[in-house]
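For reference, the structure is listed below as structure tokens.
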Amino acid sequence: MSKQNQEKRILIVDDDEDDFFITSEYIKSIPANNFLVDWSYNYNDALKKLVTNEYDIYFVDYRLGIKTGMDLLNDAIQRGCEAPIILLTGKGTQEIDVKAMESGAYDYLIKSELNTEKLERCIRYSVERAASIQALKANERRYRSIFEKSKDIVFITDTQFKISEINYAATELLDYELDELIRRDIFSLFKNKSDRTYFADILDEIGEFYDYEVDLMSKKGEVKNCIISASIEINNNAEKYIQGIIHDNTSRKKAEKTSLQAEKLAATGRLVRTLAHEVRNPLNNINLSIEQLIQQANDDDSKLYLEIVQRNGKRIGDLITELLNSARLSSQINLHKISLQSALDNAISAAMDRMTLKRIDLQVSSPETDCFVLLDSEKIQLAFLNIIINAVEAMEEGVGVLKITITSTEDEHIVEITDNGSGISDENMSRLFEPYFTSKRNGMGLGLASTLNIVQSHNAHIDVKSEINQGTSFIIGFKKV
């Protein structure tokens, strides 16, 4: 049976039985009658029936004793009545007509003017309109659900870029509460303020832009790499607004960076092994020849120069050995279940003399229970030691504070090593883990490259935050076991 032919349930709310009988007779006289008509003459009984939505349509008399049909209309709609309500009155006035329609009535009819044709048209119109409204509400709920549950940030702003609507994904990504974001300038979240002019110009000229990479700042000051798309739209009132989507690109960016760093290390390792092989063979011949010449030297000057050559040859050999060791750090790794606390304690002990000499204030914080992860004890201690030594060297004597903490999330144990030293410039930050890059006068640039190699070989990840003259934090996350 189609919806048009299904039986329609109608409730007439009227405290006058004669009026109910007249109205119901008109309804029953409608051609192709397929209506079931019920009567309610009590306000409270009628309200209960309205809010259950048992009926397809309601006819409500304006006069219901102490209360009016308008009161019943308002109470029913507030309590969730969605079916069409038609207000009936003995004498029509424009004021009641306007109030009825503003309150949510589908129609307003005068009893003395009722007839079969008018009621048939009213019922048909009201049922069709109700079906359209319900379909619109269903679509609104569907799209509202998509809006609210989207993992991407979805936002709407006015033409001045003030946020009027934004979904809950923004609270997770940017750490703000929703009420902190409403009426806020969307561009105030951008790390680079100059982007505002660019985006405003693009929207003004083209009306849309897609998949533009931009850095956002969270409430905690964390930089989030994102992809943003936005367009200018027009609402039903011919008013312009801007809608957009922000996709968190931070994880993918980190993965790309980690992959690139791994590729650099692998390429560097291959280069080092090739060079070491090519250099060591002639270097061994040079060293053997020097030893022979020293034994045969007859004067002190010749012996002195030969010893200088011998010492520098040995230094070259030591450098090659160090390069090979750095390239081999991720190979032959032996993982065992070890607590992070014990690995850190060993690294701290190895650096204690340096900290004591520079009078560094060491602050260590970790859970009372052991945080177990799969580690190669010797190599991870070397990675921690490289970071700690760099931190000590970056701090001034007597005022340095080194904070080492271990915290846990649902999936990871996190080690954070923070100093209050000189910090790292943006230029150096981009090259921080590159092999042979160093800002130290006598450094080789292998310490942090080796650290990254070790961390990645443990299937862990490392992040660095730094501010000039404020300090640096190394954050390393290890998977729980």
Side-chain angles (χ1 to χ4, degrees), residues 1-14 19-40 45-62 64 68-147 234-238:
M1 182 182 291
S2 66
K3 288 187 177 181
Q4 286 79 3
N5 295 326
Q6 286 179 359
E7 184 178 68
K8 297 290 188 296
R9 301 192 64 190
I10 298 175
L11 179 69
I12 299 175
V13 182
D14 198 320
D19 284 349
F20 158 71
F21 179 77
I22 293 170
T23 305
S24 64
E25 285 300 310
Y26 280 133
I27 293 172
K28 291 175 182 177
S29 299
I30 294 174
N33 171 39
N34 193 25
F35 302 110
L36 175 65
V37 182
D38 287 337
W39 176 40
S40 178
D45 174 69
L47 182 59
K48 289 179 182 178
K49 291 178 177 177
L50 262 71
V51 298
T52 58
N53 289 302
E54 295 178 19
Y55 294 86
D56 298 292
I57 192 166
Y58 300 93
F59 287 91
V60 178
D61 187 23
Y62 183 77
L64 291 174
T68 67
M70 193 75 74
D71 295 326
L72 181 60
L73 172 69
N74 290 328
D75 285 347
I77 291 175
Q78 287 179 4
R79 298 188 188 188
C81 178
E82 296 182 349
I85 300 175
I86 291 96
L87 201 63
L88 302 174
T89 182
K91 183 172 64 175
T93 66
Q94 185 177 2
E95 181 183 359
I96 295 177
D97 187 354
V98 171
K99 284 184 178 179
M101 303 309 287
E102 288 178 347
S103 297
Y106 275 59
D107 208 345
Y108 173 76
L109 301 176
I110 300 171
K111 289 183 178 180
S112 60
E113 299 177 359
L114 291 180
N115 56 50
T116 300
E117 180 183 352
K118 184 173 287 189
L119 278 170
E120 186 277 334
R121 186 170 62 251
C122 174
I123 292 171
R124 176 166 43 82
Y125 165 77
S126 297
V127 170
E128 290 174 356
R129 183 184 169 199
S132 298
I133 290 175
Q134 288 177 0
L136 286 173
K137 286 183 177 179
N139 283 334
E140 182 181 356
R141 285 192 294 268
R142 186 182 304 116
Y143 291 117
R144 174 59 61 176
S145 177
I146 293 172
F147 175 83
I234 300 176
N235 63 19
N236 292 334
N237 297 322

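The shortest distance between side-chain heavy atoms of S40 and I12 does not fall below 4.5 Å. Under the 4.5 Å side-chain criterion, counting only non-hydrogen atoms from C-beta, D56 is not in contact with F35. Side chains of L50 and I85 form a contact here, defined as non-hydrogen atoms less than 4.5 Å apart. Counting only heavy atoms from C-beta outward, the side chains of M70 and Y62 approach each other to under 4.5 Å. Counting heavy atoms from C-beta outward, L47 and L72 have side chains that approach closer than 4.5 Å. When side chains are defined from C-beta on, I10 counts as touching I123, because their heavy atoms get closer than 4.5 Å.
Distance CD1/I86 to CG/L109: 7.0 Å, rounded to 0.5 Å. With rounding to the nearest 0.5 angstrom, the CG atom of L88 is 11.0 Å from the OG atom of S112. Distance check, rounded to the nearest 0.5 Å: CG of L87 to OG1 of T68 gives 8.0 Å. A distance of 12.0 Å separates NZ in K48 from CD in E54, rounded to the nearest 0.5 Å. W39 CH2 to D14 CG: the interatomic distance, rounded to the nearest 0.5 Å, is 8.0 Å. Taking NZ from K28 and CG from L36, the interatomic distance works out to 9.0 Å, rounded to the nearest 0.5 Å.
I30 pairs with exactly one of E120, R124, R121 by the side chain to side chain contact (heavy atoms under 4.5 Å, CB included) rule, that one being E120.
Heavy atoms of other residues, nucleotides or ligands lying less than 6.0 angstrom from NZ of K118 number more than 12. The environment of N236 atom CG is sparse: at most 12 non-hydrogen atoms of other residues, nucleotides or ligands sit within 6.0 angstrom. Within a 6.0 Å sphere centred on NZ of K111, heavy atoms belonging to other residues, nucleotides or ligands number more than 12. Within a 6.0 Å sphere centred on CD of E117, other residues, nucleotides and ligands contribute 12 heavy atoms or fewer.
Of the possible donor and acceptor atoms, none in the side chain of S103 sits under 3.5 Å from a partner among the backbone N and O of A100. Although no hydrogens or angles enter the test, the distance criterion places a donor-acceptor pair under 3.5 Å between the side chain of Y58 and the main chain of K49.
In terms of heavy-atom proximity, V51 sits nearest to R79 at CG1-CB, 3.5 Å. Across I77 and G104, no two heavy atoms sit closer than the pair CD1-CA, 3.9 Å. In this structure, A46 and V13 approach most closely via the heavy-atom pair CB-CG1, 3.6 Å.
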Evaluation steps, side-chain contact (heavy atoms from CB on, under 4.5 Å), between F59 and I27: CA-CA 11 Å; F59 287 91; I27 293 172; 4.0 Å; yes
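Between D107 and R129, none of the side-chain N atoms (NZ, or NE/NH1/NH2) sits under 4.0 Å from a carboxylate O, so this pair counts as no salt bridge.
A side-chain donor-acceptor contact under 3.5 Å links D38 and Y55.
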